Amino acid sequence: MATNGKATNIVWHKSSVGKLNRQELLEQKGCVLWITGLSGSGKSALACALCQALYSRGKLTYILDGDNIRHGLNRDLSFKAEDRAENIRRIGEVAKLFADAGIICIASVISPYRRDRDACRELLPEGDFIEVFMDVPLQICEARDPKGLYKLARAGKIKGFTGIDDPYEPPLNCELVLPQKGNDCASPCEMAETVISYLEEKGYLLA
Ligand SMILES: Nc1ncnc2c1ncn2[C@@H]1O[C@H](COP(=O)(O)OS(=O)(=O)O)[C@@H](OP(=O)(O)O)[C@H]1O
Ligand SMILES: Nc1ncnc2c1ncn2[C@@H]1O[C@H](COP(=O)(O)OP(=O)(O)O)[C@@H](O)[C@H]1O
């Protein structure tokens with residue numbers, strides 16, 4: 001297998017147990033649910049509701065939450081553009097591994113740049129990267145402000161805050177936009193059911 005990295009003389013090792021075997025065992029298909037949107041748009045709430053609802057149906061998920069990953073794997077990264085890109089690249093690669101394990105991997109990250117999200121999509125087989133856009137206006141996110149970060153950003157105490165003085169590029173062609181039209185007040189649990197219907201329709205929940 002080719003590599004774009006710096007290491008040379010490396011050879012891909014295959015195991016006798018493959019993705020199909022793992023999927024059969026788990027009665028589900030591995031995939032990545034990529035939840036993108038502004039801070040405060042409800043990414044984490046949806047991720048948790050999804051995890052809970054799928055767990056109740058006997059389905060295995062794992063959440064990669066931007067805030068949490070920045071406490072460990074990505075603790076060396078800031079919020080400047082190239083570090084956000086590296087943050088998303090690493091999370092995309094980890095998500096790919098989880099999907100290969102047969103797990104429904106839920107990434108909830110701002111992922112503000114279209115190019116970085118598209119690069120993550122390219123890592124996965126067709127259909128297995130399911131982009132979910134939390135289409136919540138900045139005014140609503142700012143009014144929620146559960147961590148008080150918008151207030152700090154407006155006061156100039158946080159520089160380069162997404163939506164205030166750093167860009168967010170909404171998806172152009174994503175699989176799901178939430179909340180759905182005409183259902184602006186949908187709860188995270190209701191939105192989770194919309195996502196689960198999509199997974200069922202596309203054959204990701206095998207039994
Ligand atoms: N400058 C700046 N811009 C945006 N967000 C900031 C910033 N500084 C700290 N935070 C907090 O970090 C959380 C976002 O981390 P992510 O890894 O998802 O961001 S990114 O995808 O790399 O843009 C984000 O969490 P969520 O509110 O859950 O989205 C914020 O709490
Ligand atoms: N569908 C929703 N309707 C109303 N409030 C919500 C909804 N989803 C999340 N919230 C609230 O909005 C705030 C931000 O949600 P959170 O999931 O932390 O967003 P994010 O992960 O995108 O920053 C929280 O206080 C949460 O309780």
Side-chain angles (χ1 to χ4, degrees), residues 32-53 61-96 105-121 123 129 131-171 174 176-196:
V32 175
L33 287 167
W34 190 278
I35 308 174
T36 173
L38 292 171
S39 175
S41 59
K43 301 182 298 297
S44 304
L46 174 61
C48 290
L50 265 170
C51 183
Q52 183 62 58
T61 65
Y62 195 81
I63 299 175
L64 302 175
D65 191 279
D67 256 333
N68 296 356
I69 302 284
R70 281 175 175 278
H71 279 86
L73 176 67
N74 291 350
R75 70 191 320 156
D76 57 323
L77 301 176
S78 75
F79 286 92
K80 64 182 185 211
E82 63 258 44
D83 279 6
R84 288 189 200 249
E86 178 61 8
N87 182 40
I88 297 314
R89 189 193 69 78
R90 290 184 199 171
I91 292 174
E93 290 285 356
V94 173
K96 175 188 171 175
C105 182
I106 306 168
S108 62
V109 270
I110 297 179
S111 44
Y113 311 133
R114 214 170 276 141
R115 197 174 114 162
D116 300 338
R117 295 191 303 264
D118 289 347
C120 294
R121 179 185 289 276
L123 294 173
F129 184 89
E131 194 172 356
V132 181
F133 173 39
M134 301 306 291
D135 189 10
V136 180
L138 175 66
Q139 306 92 279
I140 294 181
C141 298
E142 198 169 350
R144 288 178 180 167
D145 204 10
K147 303 172 199 159
L149 298 179
Y150 281 103
K151 204 165 170 219
L152 291 174
R154 288 287 186 200
K157 292 181 182 155
I158 300 178
K159 302 275 184 228
F161 197 80
T162 305
I164 305 296
D165 55 351
D166 220 57
Y168 178 80
E169 300 168 358
C174 61
L176 287 167
V177 179
L178 295 174
Q180 290 185 310
K181 270 199 168 60
N183 198 9
D184 285 351
C185 298
S187 69
C189 290
E190 287 168 325
M191 289 194 251
E193 289 307 319
T194 304
V195 178
I196 290 172

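Just so we're clear, the structure is a prediction, and the values are computed from it rather than from any experiment. Start at 1 and go down the list; that is how both ligands and their atoms are numbered. Heavy-atom basis, side chains included; hydrogens, waters and symmetry copies ignored.
Atoms of ligand 2 lying under 4.0 Å from at least one heavy atom of S39, given by number and element, are 23 (O). Contact atoms of ligand 2 toward L38: 22 (O) (distance under 4.0 Å to a heavy atom of the residue). The I88 neighbourhood of ligand 1 comprises atoms 21 (O), with distances under 4.0 Å to a heavy atom of that residue. Which parts of ligand 2 touch M191 is read off a 4.0 Å heavy-atom cut-off, strictly below it: atoms 1 (N). Close contacts of ligand 1 with S39, meaning ligand atoms under 4.0 Å from a residue heavy atom, involve 26 (P), 27 (O), 29 (O). Against a heavy-atom cut-off of under 4.0 Å, A45 is close to the following atoms of ligand 2: 8 (N), 9 (C), 17 (O). Interface of A186 with ligand 2, defined as ligand atoms under 4.0 Å from a residue heavy atom, comprises 1 (N), 2 (C).
When non-hydrogen atoms are compared, ligand 1 lies under 4.0 Å from neither the backbone nor the side chain of N74. When heavy-atom distances to ligand 1 are checked against a 4.0 Å cut-off, N87 comes that close only through its side chain, counted from C-beta outward.
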Salt bridge (charged side-chain N to carboxylate O under 4.0 Å, His left out) between E86 and R89, intermediate numbers included: CA-CA 5 Å; E86 178 61 8; R89 189 193 69 78; 2.9 Å; yes

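Remark: ligand 1 and K43 share an N or O pair separated by less than 3.5 Å (distance only, no angle test). At a 3.5 angstrom cut-off on N or O pairs, D65 does not count as close to ligand 1. Below 3.5 Å of separation, one finds an N or O of I110 facing an N or O of ligand 1. Considering backbone and side-chain N/O atoms, P146 never comes within less than 3.5 Å of an N/O atom of ligand 2.
Residue contact annotation: E190 has no non-hydrogen atom under 4.0 Å from ligand 2.
A cation-pi arrangement is absent between R117 and F129, since the terminal nitrogen or guanidinium carbon is not both under 6.0 Å from the aromatic centre and inside a 45° cone about the axis.
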